[in-house]
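Protein chains get the first letters and strands the later ones, always in sequence-line order, with residue 1 at the start of each. FYI, side chains are in, hydrogens and waters are out, and symmetry mates aren't considered; it's all heavy atoms of this structure.
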Amino acid sequence: MKLDFVYISDIGKHLGQEVTLKGWLYNKRSSGKIHFLQIRDGSGIIQGVMVKNEVDAKTFELGDKVSQESSIIVKGMVKEDKRSPSGYELGVTDLQIVQLSQDYPITPKEHGPAFLMEHRHLWMRSSKQHAILRIRDTIEQAIHGYLHREGFIHTPAPILTPTSCEGTTTLFETDYFGEPAFLSQSGQMYIEATAAAFGKVYTFTPAFRAEKSKTRRHLTELWMMDAEASYFEHAENMQCQEGMICAIMEKVLNECQNELKTLERDTALLEKIKAPFPVISYKEAVRLCNEAGVPIEYGEDFGAPHDTAIAGSFDRPVFVDRFPASIKSFYMQPDPEDPTVVLGSDLYAPEGYGEIIGGSQRIHDLDLLLKKMEEHKVPYEPYKWYVDLRRYGSVPHSGFGIGIERTVSWICGLQHIREAIPFARLLEKIYP
RNA sequence: UCCAGCGUAGCUCAAUGGUAGAGCUCCCGGCUGUUAACCGGGUUGUUGUAGGUUCGAGCCCUACCGCUGGAGCCA
């Protein structure tokens, strides 16, 4: 595609040439006869230098008048400059204001989180927020790339569902032509069906949780990537998760050094994320928590302090394996060596970022599934189609789901998950 | 839902129960290498809302609203 302007990310290809940039004024400093214009165009930021006796008076006056976040079209010579963080600078020869921005609310000084979230539509232009969302994109591309290389195909799962996939958590209810419908919490069960058709599949879906969770780790609308593979057993499932995390980390470290630098992220911690990841059993994790002074009884699920205690013992993600069947979903395959535990694992990110992946081998035996559904009081009728998968060519199969925002939070080193998604949906907050 | 903290200028915050302030934004002026530029000057208030105590309330009390963090639940 041929454009009449260039992007800042490509500026190095135009050294010594006069180019046109189309973007916005990020910030400005002025010293009487020189204006320093920080120009951003979404692909990057570059400093434009406008010298009074090198442009006509009208242009120089515009340079004085142009305000923060005004949309602008700038012409200039691309120069190398050691003082510039990117190595390049633009000797401005012409400036055109597309629209003059007035009283831009987000100033270069400090703001509180409530104010920034209220202006999220503008906040995402700021360099740190911009860096986070670019890293998010790279993470998503890494997942698509890894899974396709491994032979998975993308099969979408529905968002409007007639019933809950896992009855435990609260769902958002909506009206579907007079019948109740629910916003999906996971595409997992649907891709068990597509896995039986295509072998290896995955889906990116938003997941909705109407839980009254109000912490830095919870959203009511979050993105999940669920993968499912026919004939994969538990060990192969974990190997796939490990490979995917390593692929994500490799791509981010290769392609997002500038963004990580903007975020002041300690990349040495990320470089340690290499296979093999440690695997401990739920039982060992319980013992580890108690030894670390965070008491927990066998048979209880882990809370936030337990996550931290477990993950804090390792410098890379750790699998906690073989949870008690009583605290996990009905569809998880019991361990043949100890049927009180399931072939299901959670992957905990380091540095206290908590659980990012949950995965398991699924029950493929018809009678066992029906028995477990009865035990967990799961109604048959809405899940008839799901049971059908065990009637017509059932095979052992496994899958996992990764929480995208938690992964982004971890890799970016964020204090709060709300920054990991362009428009966070939080408890009782839906603006903007 | 529960626990804790907070609510003062557009923003970030000060102000022993006794005249409501600073920095930044913004506006004017100065400056040919600035990096959240700097220097000088200027504009900006129903102190979240309602009630109460008091000679006097931004400050104390009650209720409500909102925000922030956390718990439970969860990815």
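Between A/Glu259 and A/Arg265, no side-chain nitrogen of the basic residue sits less than 4.0 Å from a carboxylate oxygen of the acidic one, so the salt-bridge criterion is not met. A/Glu405 has no carboxylate O lying under 4.0 Å from a charged side-chain N of A/Arg418, or vice versa, which leaves the two without a salt bridge. Under a 4.0 Å N-O distance rule, the pair A/Lys328/A/Asp346 qualifies as a salt bridge.
Within 4.0 Å of A/Asp346, counting heavy atoms only, lies no atom of the nucleic acid at all. Residue A/Phe36 is classed as a base contact, given a heavy-atom separation below 4.0 Å to a base. The residue A/Gln415 sits apart from the nucleic acid: no heavy atom pair falls under 4.0 Å. Backbone-only contact: A/Lys429 has heavy atoms under 4.0 Å from sugar-phosphate atoms and none from a base. Across all strands, A/Gly112 comes closer than 4.0 Å only to sugar-phosphate atoms, never to a base (heavy-atom distances). Note on A/Gly32: a base of the nucleic acid sits closer than 4.0 angstrom, heavy atoms only.
Minimum atom distance to the side chain of A/Leu427 is reached by B/U1, of the listed B/U1, B/G69, B/G33. Of the candidate nucleotides B/U68, B/C31, B/C73, B/U68 has the atom nearest to the side chain of A/Ala114. Residue A/Thr107 places its side chain closer to B/U25 than to any other of B/C74, B/U25, B/U68. For A/Phe115, the side-chain atoms get nearest to B/C11 when compared with the rest of B/A71, B/C11, B/A36.
A/Gln47 has its CD atom 14 Å from the C1' atom of B/A36, to the nearest Å. When the P atom of B/A4 is taken as reference, atom NZ of A/Lys214 falls 14 Å away, rounded to whole Å. Spacing between atom CD of A/Glu118 and atom P of B/G10 amounts to 15 Å, rounded to whole angstrom units.
For RNA chain B, runs of at least 3 consecutive pairs of the Watson-Crick or G-U wobble type, with both hydrogen-bonding distances under 3.5 angstrom, map to B:1-7 with B:65-71, B:10-13 with B:21-24, B:26-30 with B:38-42, B:48-52 with B:60-64.
Neither side chain, A/His35 nor A/Ser31, offers a donor N or O lying under 3.5 Å from an acceptor on the other. There is no side-chain donor-acceptor pair under 3.5 Å between A/Glu192 and A/Tyr331.
Nearest-nucleotide positions on RNA chain B for A/Met117 and A/Asp81 put A/Asp81 closer to the 5' end. In terms of position on RNA chain B, the residue among A/Lys28 and A/Ala304 whose nearest nucleotide sits closer to the 5' end is A/Lys28.
Spacing of C1' atoms, B/G56 relative to B/G52, comes out at 15 Å, to the nearest Å. Straight-line distance between the C1' atoms of B/A22 and B/C65: roughly 29 Å, to the nearest whole Å.
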